[in-house]
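First the structure, in the form of structure tokens, and then the observations on it.
Lettering follows sequence order; numbering is per chain, from 1.
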Amino acid sequence: MGALKSTLLSALLLIFAATAIGMAVNPFRGRSRIDLYRDYAPPKAAPVVPGAATRPAVPDGPPQPATEPDPSRGSGTTPTAHVAHEFQELTYEEVVALHADPLTQIHLYVFLDARNDDAYRAGHIPGAIQCDYWRGDVPQVVDRAMAAEKVIVYCNGGACEDSLHVCRELLRYGVPQGNIYLFAGGWEQWARRSTEIEQVQP
Amino acid sequence: MTTATALPVTAPASIRPVWHGLTVLARLGVGLMFAYLSLMKLRDPVEFLKQIHVYNLAPTEPALLVNTLAVTLPWLELLCATAVLLGVGRRGAALLIAVMLLFFTPLILHRGLTLYGAPGASYASFCAVSFDCGCGTGVVFVCRKLAENCALLVGALYLIFARSRWLALAALWPRRTPAPAGAQR
């Protein structure tokens, strides 16, 4: 009985110590800090209104003007083979064309990289802004996304869903659905086929 | 009446060093593995939280609970690993490790089975299924991870009941209660 008691006591002590250390250290973790009160659950799919850009209610933001669908949307309304979604998809060729477009230079076409810090530092599409859903980056890019004509979001490619989370979060903030594009091939495809890669120097 | 100074030994004397060795081996195996896994998670707790959400490793509501879990669990693993390695509070640490393994291993099995049986899945066998289990080691093959967890679980369960205090810090101070018959010193 004594052994059981001391075993349970040491287990409780360990739980208490781990909670205390975790809570004490967490606020100082910088970008690795977890916001205890944030609901990190990925946003659910927005309802798609055929022929119109969806603009869901924004709980905290100002009302946004309705937006017409973009007639120059790429070839892609087809969902990826891996993840079904409600956004327009771009092929690699379309992304290359948009990247080379002068409108990218004046920030009317904005590229968002939804991957984590390590992946972004190692290499990203030149000019792409890092926007990691899990680190709460989305609110920081909303202004630029609202001002842009096209927002191209990508992550690793394949079954990666981080870009989809960013798209849905942008939608929640009022960015017109017709302006949001997914590059489904993502970084895997870009790194394989393009020589234009930007890195963050340490 | 049995006392701490005159202990009857149930196991043959030649076996005792084996139990000592096994206990140290289990402490090293379980402790080092958990220390590694916890440090990988501590390197980026947000990534760990992401895996919890993406792979439904734990209930994700309420948010405060799952966020607290992501903040504290890697530290708990590290403290448990340290306790097991040092041999202080070893049984409590081993109990927690066993509980964690008993909780997460079926989830990994469930995730593997879900991916294997998913429509359009073309895995040659169940063991060919691979995914990031959120364990801190990145993408793993499910059978290998399950075998690893089972081995860790056996080691943790052994450490709960093992009596050897060989090469343990706890051996520096005397037992508070007389050791029962058959205890290894």
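Residues of residues 30-43 of chain A lying under 4.5 angstrom from chain B, judged on non-hydrogen atoms, are A:Arg31, A:Ser32, A:Arg33, A:Ile34, A:Asp35, A:Leu36, A:Tyr37, A:Arg38, A:Asp39, A:Tyr40, A:Ala41, A:Pro42 by number. Residues of residues 11-20 of chain A lying under 4.5 angstrom from chain B, judged on non-hydrogen atoms, are A:Ala11, A:Leu14, A:Ile15, A:Ala17, A:Ala18, A:Thr19 in numerical order. Contacts of residues 117-132 of chain A with chain B at a heavy-atom distance below 4.5 Å involve A:Asp118, listed in sequence order.
Side-chain atoms of A:Arg29 come within 3.5 Å of backbone N or O of B:Leu42 as a donor-acceptor pair.
For the disulfide (SG to SG under 2.5 Å) condition, no pair includes a residue of residues 167-202 of chain A, sequence neighbours left out.
If you take CZ on B:Arg91 and OG on A:Ser6, they are separated by 7.0 Å, rounding to the nearest 0.5 Å. The structure places NZ of B:Lys50 at 7.5 Å from NE2 of A:His165, a figure rounded to the nearest 0.5 Å.
With a threshold of 4.5 angstrom between heavy atoms, B:Leu64 approaches chain A through its backbone and through its side chain.
Ranked by heavy-atom pairs shorter than 4.5 Å toward chain A, the options B:Glu77, B:Arg90, B:Arg43 are led by B:Arg43. Note on B:Ala63, B:Pro45, B:Ala93, B:Gly89: by heavy-atom pairs under 4.5 Å with chain A, the leading option is B:Pro45.
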* Test side-chain contact (heavy atoms from CB on, under 4.5 Å) on A:Asn26 and B:Thr72 and set out the steps. => CA-CA 9 Å; A:Asn26 184 51; B:Thr72 56; over 6 Å; no
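Annotation for A:Arg135 and B:Asp44: closest pair NH2-OD2, 2.5 Å, computed over non-hydrogen atoms.
Taking 4.5 Å as the limit, every side-chain heavy atom of B:Val46 sits out of range of all side-chain heavy atoms of A:Asn116.
Atom CZ of B:Phe141 has 12 or fewer heavy atoms from other residues, nucleotides or ligands within 6.0 Å.
Applying side chain to side chain contact (heavy atoms under 4.5 Å, CB included) to A:Ile21 and the options B:Leu78, B:Leu79, B:Val71, B:Leu76 leaves one that passes, B:Leu79.
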